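Okay, structure first, notes after.
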2 protein chains.
Amino acid sequence: MGKPSEQRKREIIDATLDLAASLGVKKVTTQAIADHVGIAQPTVFRHFKTRDAIFVAAISSIGEGLFRNLAAFFSGIGPADERLHQLVQAQLRFISQNRGLPRLLFSDRLHLESPLLKQAVQKIMNGYTQQVSRMIREGQAAGLMRQSLDADESAWLVAALIQGVVMRWSIFDFDFDLAAEAEPLWGFIAAALLVDG
Amino acid sequence: MGKPSEQRKREIIDATLDLAASLGVKKVTTQAIADHVGIAQPTVFRHFKTRDAIFVAAISSIGEGLFRNLAAFFSGIGPADERLHQLVQAQLRFISQNRGLPRLLFSDRLHLESPLLKQAVQKIMNGYTQQVSRMIREGQAAGLMRQSLDADESAWLVAALIQGVVMRWSIFDFDFDLAAEAEPLWGFIAAALLVDG
DNA sequence: TATACTTGCGAGCGATTACTCACTTTTATA
DNA sequence: TATAAAAGTGAGTAATCGCTCGCAAGTATA
């Protein structure tokens, strides 16, 4: 063996996400991670100082992946409503293929104990909400979306709505097709945001 | 001492909810519960067979409290939209005063390990969604709400929206006034559900 | 090849925690 | 009042888990 640390770090992060998705955060012990990677448990601590640091890295990694996946819709061309529709679709698709994200995000223990993780999560959420807010203002400027709604507040609620759906999916152990929820979800958001006719 | 078990059970459940609200689920050890109640730790097991059983009882208890609190709006008189508005207000008010509920609900470890708890949670959620769906159908029948939206799906999404807001509140450690979110939240729901004019 | 650094591991420590057990005290009942 | 059941406790157990330590093996560089 003796791989370079960067590579091992990736393996450890991937193992963490895999295990979180399939077993839940609690069972992602350093031993379980080590087994999954194929190294001894103390070796894990050669690459991360603490267990929490692994989770922070995992959350950051998957957060970046999400943003990379959605960036095209945040700032693409075309009408704001269509882009928002596609954003919702892409987001649910991404999350349905990265179950570790909700598992980490919705585990109480993490942010209660790790200020670092809390920061990482807040950064992702704020960035996301900001982008959606901008899209809504674009839609309002183009006369596509209701002027009566506050863009920031609405963006916040759209995010909450998606989170709520994802949370249910996670709580109920992924037992429905998340990506398929994109259409009714968009129907609801469209009814709330778009001007009629 | 030597109180009747029913009374102690209540005290243990209340202590569990208090501690979950203030410290997070992970720190609700049987020792912490015992200290909070003022009994020895082994005594806890006189009243509940396992720690999980305590959580199940706590969730059920608070779920019943929520339903009792909302029952008036589910089946009261008056237009469906006003009742739904009041329901949202009452719900956020109740949850803001019972922080143990989101803490228990959004902790991953519980439902992953306890099928019983999962059942209890599902029962609460399904009952809630059913009632909201009925209200929406009433609103549609009265010409107040859009016919184009599916009542069941919309009820599900309204529930998800509220859950999303509450989850954020919980994730961010209760650092904003949840009850105050009722108005913008209702503004969004109304825009989605109500016919215009 | 000599040197320094990185990666790896076996063994084990210290702390935590749900739960048990043997035994006492209190409460309810015949 | 005698008896049984319920409620309570101190002491302890077994298991888990994050993390450390000392040492070996591999790797890069001069």
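Only heavy atoms go into these numbers, but all of them, side chains included; no hydrogens, no water, no symmetry mates. Worth saying up front: this structure is predicted, and the values here are computed from it rather than measured.
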> Is any side-chain heavy atom of L149(B) closer than 4.5 Å to a side-chain heavy atom of I136(B)?
Replying inline: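 No - every pair of side-chain heavy atoms lies 4.5 Å or more apart.
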
> Any side-chain heavy atom of N126(B) sitting closer than 4.5 Å to one from Q130(B)?
Replying inline: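 The answer is no; the side chains never approach within 4.5 Å.
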
> Restricting to pairs with a member in residues 58-80 of chain A, which pass side chain to side chain donor-acceptor pair (under 3.5 Å), not counting sequence neighbours?
Replying inline: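 Passing the test, one end in residues 58-80 of chain A: R10(A)-S61(A).
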
What residues, two or more places apart in sequence or in another chain, satisfy salt bridge (charged side-chain N to carboxylate O under 4.0 Å, His left out) together with [X]?
{"X": "D150(B)", "result": "none"}
{"X": "R83(A)", "result": "E138(A)"}
{"X": "E11(B)", "result": "K3(B), R8(B)"}

Rounded distance (Å) that lies between atom [atom2] of [N] and atom [atom1] of [X]:
{"X": "I39(A)", "N": "dG10(C)", "atom1": "CD1", "atom2": "C1'", "answer": "15 Å"}
{"X": "K27(B)", "N": "dA15(C)", "atom1": "NZ", "atom2": "P", "answer": "17 Å"}
{"X": "Q31(B)", "N": "dT20(C)", "atom1": "CD", "atom2": "C1'", "answer": "15 Å"}
{"X": "Q41(B)", "N": "dA7(D)", "atom1": "CD", "atom2": "C1'", "answer": "15 Å"}

> Closer than 4.0 Å, any side-chain N/O of R8(B) to the OP1 or OP2 of dG8(D)?
Replying inline: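 For dG8(D), OP1 or OP2 has a side-chain N or O of R8(B) closer than 4.0 Å.
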
>> Please confirm whether the shortest side-chain N or O distance from T30(B) to OP1 or OP2 of dT17(C) is below 4.0 Å.
In response: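 No, T30(B) has no side-chain N/O under 4.0 Å of OP1/OP2 on dT17(C).
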
> Among dC9(C), dC19(D), dA18(C), which nucleotide sits nearest the side chain of R51(A)?
Replying inline: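 Nucleotide nearest to R51(A)'s side chain: dC19(D).
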
>> For a side chain to side chain contact (heavy atoms under 4.5 Å, CB included) check, start with the C-alpha distance between V158(B) and F188(B), then their side-chain angles and the critical distance, and finish with the verdict.
In response: CA-CA 10 Å; V158(B) 167; F188(B) 190 87; over 6 Å; no

>> Between the opening five pairs and the closing five pairs of the helix from dT1(C)-dA30(D) to dA30(C)-dT1(D), how far apart are the helix axes, to 10°?
In response: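 That helix gives 10° between its end axes.
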
>> Can you list, in residue-number order, the parts of residues 42-50 of chain A that come under 4.0 Å of DNA chain C, counting heavy atoms only?
In response: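 Close to the strand are P42(A), T43(A), R46(A), H47(A).
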
>> Please determine whether a side-chain nitrogen of the Lys or Arg among R99(B) and D173(B) lies less than 4.0 Å from a carboxylate oxygen of the Asp or Glu.
In response: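 Salt bridge absent between R99(B) and D173(B).
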
